[in-house]
2 protein chains.
Amino acid sequence: MKLKKKRLEVIREIINTRKIGCQVELLQPLLDMGIDVTQATLSRDLKQLKIAKVPDSTGRYIYTLPKEEGMGGNVRYTPALDRHPIVGLGGFLSISFSYNLVVIKTSPGYAGSIAYDIDNGNSKEILGTVAGDDTILIILAEGISHEEAYTALSKYVPALRTQ
Amino acid sequence: MKLKKKRLEVIREIINTRKIGCQVELLQPLLDMGIDVTQATLSRDLKQLKIAKVPDSTGRYIYTLPKEEGMGGNVRYTPALDRHPIVGLGGFLSISFSYNLVVIKTSPGYAGSIAYDIDNGNSKEILGTVAGDDTILIILAEGISHEEAYTALSKYVPALRTQ
DNA sequence: TCATAGTGTGTATATTTATTCCTATTTTCT
DNA sequence: AGAAAATAGGAATAAATATACACACTATGA
């Protein structure tokens, strides 16, 4: 049915935008959009969308969208939503460190452009990068701490700047 | 308490290893390890560990560990189930280690799919991978031994299983 | 056409999960 | 040491979530 497709999109939109802590909290926003369903339907929808309830850092729970899957998966997001996956983060997903290496995970397709920016920055802390489709490997200069690297990278990755 | 620290580790281990669909399913494995607690405690533990219950692609729910991150970043979860398997024995050629790096050689064209599975495994030992056509570079987390890495990788590369 | 299969959803309910209330134990501070 | 605060965890229960069942509607095919 047409209604369902629309509803799933709206649910994704809401989950992506606001902090929703339980399914009934989702009912009102949907009603505001003219969508009237029951909690049971939401439970089924969230399952289908692979939306998970995760403990956040403030001791509460919030629903979050799944990380996008590559070709293997059966989840297909609409192109429209796909284009702005996480507004403002420019594809950035996570950063982690191991000695003189940094690994940045991005949404599929974003690794190249982010790595390009980092490479062109000519930061002395960063020797170079290697990028795949959704992963960037960054090699740090000798003696650079993770904090220094983080600061240097934040110049090229807006999502790393502390709010 | 010392008990709790231990328990949290064991819980992580179990969640990482088996498919647990609800909290009571976790009680028995813990009991087998000599840990006797109630569901209420598990609820609190899972919250603290930021372990989420995620819908997988087979229509069931699975608890999964959060993706390890460095400092910044938003938390996203990999939909469960692409976790294990696939990857026919074909493709794998060799594995070698150098400090916090692993290089896996594959037949031409296989590197990407094997790396894909490794990436989606969310192993805490593995920060990420970069794949070419027949070579995969894997970055290990700090403090991970080659043995631990081997074990972690064997979950995704059947050829590594000793059996 | 009518049967059959498939999808979508509400209601009611079962199941699962989080929390409230309480007690015990440990840690911190004076 | 003793008081006060923090931490841990069980029992009971509230809250949240998933599902069994029923029914409506759509598409398909003989």
Side-chain angles (χ1 to χ4, degrees), chain A residues 1-16 18-66 74-78, chain B residues 1-16 18-66 75 77 79-81:
Chain A
M1 270 185 170
K2 201 73 180 165
L3 297 175
K4 181 174 180 184
K5 193 158 177 291
K6 178 88 174 188
R7 188 180 65 238
L8 293 186
E9 274 181 40
V10 174
I11 288 174
R12 280 180 54 81
E13 174 72 20
I14 294 172
I15 295 295
N16 208 12
R18 320 192 201 179
K19 297 200 174 188
I20 301 294
C22 75
Q23 295 177 1
V24 293
E25 281 180 32
L26 201 48
L27 291 176
Q28 189 57 49
L30 282 171
L31 239 176
D32 295 344
M33 303 285 287
I35 298 173
D36 186 8
V37 288
T38 63
Q39 172 269 323
T41 299
L42 291 188
S43 173
R44 292 183 271 243
D45 288 351
L46 295 185
K47 181 175 187 175
Q48 196 172 342
L49 290 169
K50 300 202 194 325
I51 287 173
K53 191 187 182 187
V54 304
D56 74 3
S57 28
T58 71
R60 323 212 53 216
Y61 294 85
I62 59 172
Y63 279 99
T64 81
L65 299 173
N74 57 356
V75 181
R76 296 276 163 242
Y77 298 149
T78 71
Chain B
M1 269 188 167
K2 195 159 73 158
L3 298 175
K4 183 174 179 185
K5 193 157 178 297
K6 180 86 175 190
R7 187 179 65 237
L8 293 186
E9 275 180 39
V10 175
I11 289 174
R12 267 184 175 286
E13 175 69 20
I14 294 173
I15 294 296
N16 206 18
R18 320 193 200 178
K19 298 196 177 190
I20 301 294
C22 76
Q23 295 177 1
V24 295
E25 280 179 31
L26 201 49
L27 291 176
Q28 189 57 49
L30 282 171
L31 240 175
D32 295 343
M33 303 284 286
I35 299 174
D36 186 8
V37 288
T38 63
Q39 171 269 323
T41 299
L42 291 188
S43 174
R44 292 185 270 243
D45 287 351
L46 295 185
K47 182 176 188 174
Q48 195 172 342
L49 289 169
K50 300 204 192 323
I51 287 174
K53 193 185 182 189
V54 184
D56 74 5
S57 3
T58 69
R60 321 207 47 231
Y61 295 85
I62 298 190
Y63 278 100
T64 80
L65 298 173
V75 183
Y77 283 77
L81 184 69

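Looking at A/Ile62 and A/Val54, their side chains come closer than 4.5 Å, going by heavy atoms from C-beta outward. Counting heavy atoms from C-beta on, the side chains of A/Ile51 and A/Ile11 come closer than 4.5 Å. Side-chain atoms of A/Leu30 and A/Leu42, non-hydrogen and from C-beta on, do get closer than 4.5 Å to each other. Counting heavy atoms from C-beta outward, B/Ser43 and B/Gln39 have side chains that approach closer than 4.5 Å. Using a 4.5 Å heavy-atom threshold, the side chains of A/Leu31 and A/Leu27 count as separate.
Among the nucleotides D/dT19, D/dA16, C/dT16, the one closest to the side chain of B/Tyr61 is D/dT19. Considering only side-chain atoms of B/Ala40, the nucleotide from C/dT16, C/dG10, D/dA11 that sits closest is D/dA11. Closest approach to the A/Lys53 side chain among D/dG10, C/dA18, C/dG10 is made by C/dA18 (side chain taken as heavy atoms from C-beta onward). When distances are taken from the side chain of B/Thr41 to each of D/dA16, C/dG10, D/dG10, the shortest belongs to D/dG10. Here C/dT17 is the nucleotide among C/dG10, D/dA11, C/dT17 with the atom lying nearest to any side-chain atom of B/Ser43.
Here B/Arg7 reaches the OP1 or OP2 of D/dG9: one of its side-chain N or O atoms lies under 4.0 Å away. Remark: A/Thr38 is in phosphate contact with C/dG10, judged by side-chain N or O atoms under 4.0 Å from OP1 or OP2.
Atom P of nucleotide C/dT17 and atom OH of B/Tyr63 are separated by 3 Å, given to the nearest angstrom. Spacing between atom CD of A/Glu25 and atom C1' of D/dA15 amounts to 12 Å, rounded to whole angstrom units. One interatomic measurement links the two molecules: CD1 of A/Ile62 to C1' of C/dT17, which rounds to 18 Å at whole-angstrom precision. One can place CG of A/Asp45 at 19 Å from P of D/dA16, the figure rounded to the nearest angstrom. The nearest whole Å value for the distance from the CG atom in A/Leu27 to the C1' atom in D/dA15 is 14 Å. For the pair A/Leu46 CG and D/dT19 C1', the interatomic distance rounds to 15 Å; values are reported in whole Å. Note: CD1 (B/Ile20) to C1' (C/dT15) measures 17 Å, nearest angstrom. The CG atom of A/Leu42 sits 15 Å away from the P atom of C/dG8 (whole-angstrom rounding).
Residue order along DNA chain D, read from the 5' end via each residue's closest nucleotide, puts B/Arg44 first among B/Arg44 and A/Lys47. Where B/Gln39 and A/Gln23 each meet DNA chain D at their nearest nucleotide, the meeting point lying more 5' is that of B/Gln39.
Note on the helix from C/dT1-D/dA30 to C/dT30-D/dA1: terminal axis deviation equals 30°, with five pairs used at each end and the result rounded to 10°.
With rounding to the nearest 0.5 Å, the separation of CD1 in A/Ile14 from CG in A/Leu26 is 5.5 Å. With rounding to the nearest 0.5 angstrom, the CD atom of B/Glu25 is 10.5 Å from the CZ atom of B/Arg18.
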